[in-house]
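What follows is a short report on a single structure.
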Amino acid sequence: MRKPDGKIVLLGDMNVGKTSLLQRYMERRFTDTVSTVGGAFYLKQWRSYNISIWDTAGREQFHGLGSMYCRGAAAVILTYDVNHAQSLLELEDRFLGLTDTARADCLFAIVGNKVDLSEDGPGESRQEGGGGLGPAGGGCAAPRLPRQVQPEDAVALYKKIIKYKMLDEKDVPAAEQMCFETSAKTGHNVDLLFETLFDMVVPVILRQRAQGPPQTVDITSCRPPAQTKPGCCA
Ligand SMILES: Nc1nc2c(ncn2[C@@H]2O[C@H](COP(=O)(O)OP(=O)(O)OP(=O)(O)O)[C@@H](O)[C@H]2O)c(=O)[nH]1
Ligand SMILES: [Mg+2]
C-alpha cells in the first residue's frame with residue numbers, strides 16, 4: 001500500500017456524527033453507527049494524491065489518543081452538533097489542544113452537523129443524500145429542535161483558533177470558507193466539506209514534498225561500522 005500523501009483528522013465530542021459524516025462521504029449511505037473505539041481511517045484518492053481521513057473517538061476515555069492521531073495532519077475537521085451547544089464549547093476546551101502535533105500550516109474546518117434536526121435546517125431530500133436512507137435514516141422524520149449554535153458562533157471559534165495558533169488572518173482561508181453546516185443523514189454539504197478540504201490540502205502536500213523528507217534517521221539504511229583491520233590497535 002502506498003504511503004498516504006496527506007492526512008485529515010476528524011475531532012469532536014461523542015455523538016456529534018463524525019463517523020456518520022465519513023460514512024456518508026465514503027460509502028454514500030447513512031446507517032446505524034456504534035460509538036468509535038480508538039480510531040479508524042479511510043484512504044481517498046484525490047487527483048493523483050492519496051489522502052488518509054482519520055475518524056477518532058469522541059469519548060473521554062480515548063482522549064489521550066487524539067494528539068497521536070493529529071500528528072502531522074494537514075487538516076483537522078472540528079465537528080459539533082448544531083443542536084447541542086456544549087459540543088461546540090468542547091472543541092475549544094478539550095479538542096483544540098490535541099492539534100498541537102499537527103503541521104504548522106494545518107488547515108481547520110469547523111463543522112456543525114445534524115442540521116436536519118433543527119427547526120430552520122434544510123429539508124430532507126433523497127437527491128442530496130445520493131442514496132437511499134439506511135435503517136438509521138428510515139421511518140418518520142424526527143421532530144425538529146430549536147438550534148443551539150448559530151453560524152456566527154462557529155466563525156468566532158475559527159477566529160479563536162487562528163489566535164491560538166498565532167497566525168495572521170490574512171495568511172489563512174477566511175472563516176466563511178472553513179465553517180460548514182452539514183447533515184450526515186441527508187448528505188447536505190457533506191461532499192462540499194470533504195472536497196473543499198481535499199483541494200486545500202493538495203498545496204500543503206506539495207509544500208511538504210518541497211521541504212523534503214522528514215528529518216529523521218532511517219536506521220535500516222545505516223551501514224554497519226567498518227570492521228577493524230586485524231592487527232590494528234583499537
Ligand atoms: N439526525 C441526524 N442524526 C445523525 C447525524 N449524524 C449522526 N447522527 C446520529 O447521531 C448518532 C451518533 O453518530 P456517530 O456518527 O456515531 O457519532 P460520532 O461523533 O462518531 O461519535 P463517537 O464515535 O462516539 O465519537 C448516531 O445515532 C447517528 O445516526 C445527522 O446528520 N443527522
Ligand atoms: Mg464515531
Side-chain angles (χ1 to χ4, degrees), residues 8-42 52-70 73 76-99 109-149 151 154 157 179-194 197:
I8 298 179
V9 183
L10 279 141
L11 287 182
D13 207 356
M14 63 180 285
N15 211 42
V16 296
K18 301 176 294 299
T19 303
S20 304
L21 282 168
L22 203 41
Q23 266 181 12
R24 163 59 79 190
Y25 183 69
M26 296 297 299
E27 296 171 10
R28 322 304 294 168
R29 65 198 176 107
F30 179 71
T31 49
D32 279 328
T33 51
V34 285
S35 187
T36 305
V37 171
F41 77 99
Y42 283 90
S52 59
I53 317 171
W54 285 82
D55 180 21
T56 62
R59 271 196 278 165
E60 188 87 52
Q61 72 194 97
F62 298 110
H63 197 64
L65 299 174
S67 53
M68 188 186 82
Y69 289 120
C70 287
V76 171
I77 301 176
L78 291 166
T79 318
Y80 66 95
D81 173 349
V82 294
N83 310 296
H84 186 44
Q86 186 60 30
S87 67
L88 184 78
L89 300 176
E90 293 285 325
L91 289 179
E92 189 183 349
D93 294 350
R94 201 151 68 85
F95 293 96
L96 183 55
L98 301 178
T99 67
I110 318 277
V111 176
N113 190 39
K114 304 197 187 182
V115 276
D116 60 284
L117 290 179
S118 55
E119 278 168 356
D120 63 344
E124 205 164 282
S125 97
R126 279 184 174 267
Q127 290 98 303
E128 270 192 302
L133 296 172
C140 352
R144 299 276 183 139
L145 309 164
R147 68 152 69 217
Q148 289 188 7
V149 183
L157 174 63
C179 295
F180 299 81
E181 289 199 338
T182 58
S183 165
K185 183 171 180 181
T186 67
H188 179 73
N189 279 347
V190 176
D191 288 359
L192 179 75
L193 161 68
F194 284 103
L197 268 188

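Counting starts at 1 for both ligands and their atoms, following the listed order.
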message = Test of understanding: given a 4.0 Å heavy-atom threshold, classify the contact between Thr33 and ligand 1 as side chain, backbone, both, or neither.
response = side chain
task = Would you mind telling me if ligand 1 is within reach of the side chain of Asn15, the backbone, both or neither, using heavy atoms under 4.0 Å?
result = both
message = List the residues meeting side chain to side chain contact (heavy atoms under 4.5 Å, CB included) with Asn15, not counting sequence neighbours, and say none if there are none.
response = Lys114
inquiry  = Test your reading of the structure: does Gly58 have an N or O sitting under 3.5 Å from an N or O of ligand 1?
reply    = yes
query = Any nitrogen or oxygen of Thr31, main chain or side chain, under 3.5 Å from a nitrogen or oxygen of ligand 1?
reply = no
Of the protein N/O/S atoms, how many lie under 2.8 Å from the Mg ion (ligand 2) = 2
task = Would you confirm whether Tyr69, through its side chain, and Gly39, through its main-chain N or O, come within 3.5 Å as a donor-acceptor pair?
result = yes
query = When you measure from the side chain of Arg24 to the backbone N and O of Lys185, does any donor-acceptor pair fall under 3.5 Å?
reply = yes
Between [X] and [Y], what is the shortest heavy-atom contact and its length?
X      : Y      : value
Asn83  : Pro146 : OD1-O, 4.5 Å
Val149 : Ala85  : CG2-CA, 3.7 Å
Gly12  : Leu91  : CA-CD2, 3.8 Å
Thr56  : Leu10  : OG1-O, 2.6 Å

ask   = Is the Phe41 ring parallel, tilted or perpendicular to the Trp54 ring (thresholds 30°, 60°)?
value = parallel
If the cut-off is 4.0 Å to any non-hydrogen atom of [X], which atoms of ligand 1 fall inside it?
X      : result
Thr36  : 22 (P), 23 (O), 24 (O)
Ser20  : 6 (N), 7 (C), 13 (O), 14 (P), 15 (O), 28 (C)
Asn113 : 5 (C), 6 (N), 30 (C), 31 (O)
Met14  : 21 (O), 22 (P), 24 (O), 25 (O)
Leu117 : 1 (N)
Asp116 : 1 (N), 2 (C), 30 (C), 31 (O), 32 (N)

query = What's the spacing between Leu11 CG and Leu98 CG if we round to 0.5 Å?
reply = 6.0 Å
ask   = Does Asp13 have a non-hydrogen atom less than 4.0 Å from ligand 1?
value = yes
ask   = Does even one non-hydrogen atom of Ala57 get within less than 4.0 Å of ligand 1?
value = yes
key: Residue list, salt bridge (charged side-chain N to carboxylate O under 4.0 Å, His left out) with Asp93, at least two apart or on another chain   = none
message = Test: salt bridge (charged side-chain N to carboxylate O under 4.0 Å, His left out). Region: residues 53-69. Which pairs qualify, not counting sequence neighbours?
response = Glu60-Arg94
